[in-house]
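The next block holds one structure in the form of structure tokens; read it before the comments.
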Amino acid sequence: MKETANKWSKRSWKVFPGGCLGEYNLPQDLSVVLMRGQGTRVYDTNGKEFVDFTMGWGSVILGHSHPGINEAVKKQVEKGSNFSYVSGPALELAEELVRAVPCAEKVRFCASGTEATMYAVRLARAFKRRDKIVKFEGAYHGANEFGAISLFPQELIDFPTPNPTSAGITEAVRNDVLIAPYNDLKTTARIIEDNAAEIAAVIVEPLHRCTTPLAGFLEGLREITRKHDILLVFDECVTGFRLAYGGAQAYYGVVPDIAALGKALGGGYPVGAIVGRADILDLCDEADLGQERYVWFASTLGGNPVTAAAALATLKELRKPNTYEHLFAMGEKLRNGFQSILTELGIVAQVLGDGPLCALVFNKEKVVDYRTAFNADRKKARKFTLGLFRNGIFLNPMSTKLYFSLAHGDEEIDKIHSVARKVLKEIF
Ligand SMILES: Cc1ncc(COP(=O)(O)O)c(C=O)c1O
């Protein structure tokens, strides 16, 4: 007998904490088990269709089960799935990254964004022989030790004191992270000046969550880090190949020393990459094992040929004419539509984002950093996301940040707008 969706969900709650793989904190009665994805849609065990606005956390940038990726992967799996060594596809992919990303002179692969930022920071620390890093409040750099510091602080404490969002992070780790306010160059400069001799790097999401950089902020960071001989690390896990083919560094014209890539690069397959200056990346050359600045970097699945084939197929599509025009047009339509609905219903909220990124924050004040969004109405935000979910929009109910793909068009954007209007009317 076919199990009901409810039975699947119960099984899921039995083995997975919170009934999910992470972050999707749906109530048990709403949670589902997915069986299939096609284009912009995902389907649960009962065949119920959702329009997907999470798209594998933004990794599935071409849409689910894209024929170009499927074909490339099928061809590769026939030839072997992992050698933990340089393969043709991995080499081609690394060469394409060097061509595409302004800071990329050399490349190392790993299997996730969490690892990519971890290695980027390790490389920076080794290169500069300094321990501290500057991270922006509210920024996410993956689930590694520093990524979970001051991610969702529940109280606002003085900068640059760190505030772990996760238990299990040692004091030693916390002591090496200085927290700064995004978009506030003056305070960030003061923190850097006060601690310059101990700081290895500043790590930043160039487009911080969905908050855009104020004019001069990234340029200012580049200038201060240069002045104090500190490395600038861009976490481009979200912005890479999304905000532009060359990522945020191409889009904003500010080139970091190292960048971490993930998500969209793999087209839905597990990927992470560290790209940057050759003199920094070369610290992980195994011939230097035992040298003072040698960096241990090992990844069983990093650069595996199946992921590399999927990534090459993804980049091939993204290089086609009008790709980014479409992504940007859809992003603009998404944000403008939300803004008109809010105006029509007399709701004060902020629509954030740029290009193919969009988030709604139920906040009166304009959002420029974590603190200006701190008093946002999170209860209403949760009602909103759960309302969207109930009405057939698949998203992460912990966040109003939406991801869409190249496959999304007017139909999907119109759908989320009409559902959003209905749900907002119910809530406000
Ligand atoms: C900016 C940023 N960096 C890093 C990561 C971590 O990537 P992964 O989940 O692949 O480890 C994420 C994930 O959401 C992210 O948004």
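In each ligand, atom 1 is the first atom listed, and ligand 1 is the first ligand listed. Just so you know, residue 1 is the first one in the sequence shown, and it goes up from there. All heavy atoms count here, side chains included; hydrogens, waters and symmetry mates do not. This is a predicted model, so every value here is computed, not measured.
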Fill in: Per-atom contacts of ligand 1 with C237, taking only distances under 4.0 Å to non-hydrogen atoms
2 (C), 3 (N), 4 (C)

Discussion item. Tell me whether the NZ or CZ atom of R293 lies within the 45° cone about the ring axis of F127 and under 6.0 Å from its centre.
Written reply: yes

Discussion item. If the cut-off is 4.0 Å to any non-hydrogen atom of T114, which atoms of ligand 1 fall inside it?
Written reply: 6 (C), 7 (O), 8 (P), 11 (O)

Worksheet item: Which is it for H141 and ligand 1 at heavy atoms under 4.0 Å: side chain, backbone, both or neither?
Response: backbone

Response to the item:
Result for ring-ring contact (aromatic ring centres under 6.0 Å, His included) between F394 and one of Y43, F53, Y24 points to Y24

Worksheet item: Considering only heavy atoms, does D235 approach ligand 1 within less than 4.0 Å through its side chain, its backbone, both, or neither?
Response: side chain

Practice prompt. Considering the heavy atoms of E205, write down every atom of ligand 1 situated less than 4.0 Å from one of them.
Written response: 1 (C)

Worksheet item: Which of the atoms in ligand 1, numbered in the order shown and given with their element, are less than 4.0 Å from a heavy-atom of S112?
Response: 10 (O), 11 (O)

Worksheet item: Does the cation-pi check pass for R378 over F374, that is, NZ or CZ under 6.0 Å from the six-membered ring centre and within 45° of its axis?
Response: yes

Practice prompt. For G113, counting its heavy atoms only, list the atoms of ligand 1 lying under 4.0 Å from any of them.
Written response: 6 (C), 7 (O), 8 (P), 10 (O), 11 (O)

Worksheet item: Of all the heavy atoms in R209, does at least one lie under 4.0 Å from an atom in ligand 1?
Response: yes

Worksheet item: So, are K333 and E411 salt-bridged, with charged N and O less than 4.0 Å apart?
Response: no

Response to the item:
The protein heavy atom nearest to atom 6 (C) of ligand 1 is G142 CA, 3.4 Å

Practice prompt. Assess R371 against F159: is NZ or CZ under 6.0 Å from the centre of the six-membered ring, and within 45 degrees of the ring's axis?
Written response: yes

Worksheet item: Quick one: do R36 and D44 make a salt bridge, cutoff under 4.0 Å?
Response: no

Practice prompt. Say whether E115 and S112, considering side chains only, have a donor N or O and an acceptor N or O under 3.5 Å apart.
Written response: yes

Item to complete: Determine, using heavy atoms of W57 and all atoms of ligand 1, whether some pair is separated by less than 4.0 Å.
Response: no

Practice prompt. May I ask you to list the atoms of ligand 1 that are less than 4.0 angstrom from any heavy atom of Y140?
Written response: 1 (C), 2 (C), 3 (N), 12 (C), 13 (C), 14 (O), 15 (C), 16 (O)

Worksheet item: Among the heavy atoms of K263, does any lie under 4.0 Å from an atom of ligand 1?
Response: yes

Worksheet item: Do R130 side-chain atoms and R125 backbone N/O form a donor-acceptor pair below 3.5 Å?
Response: no

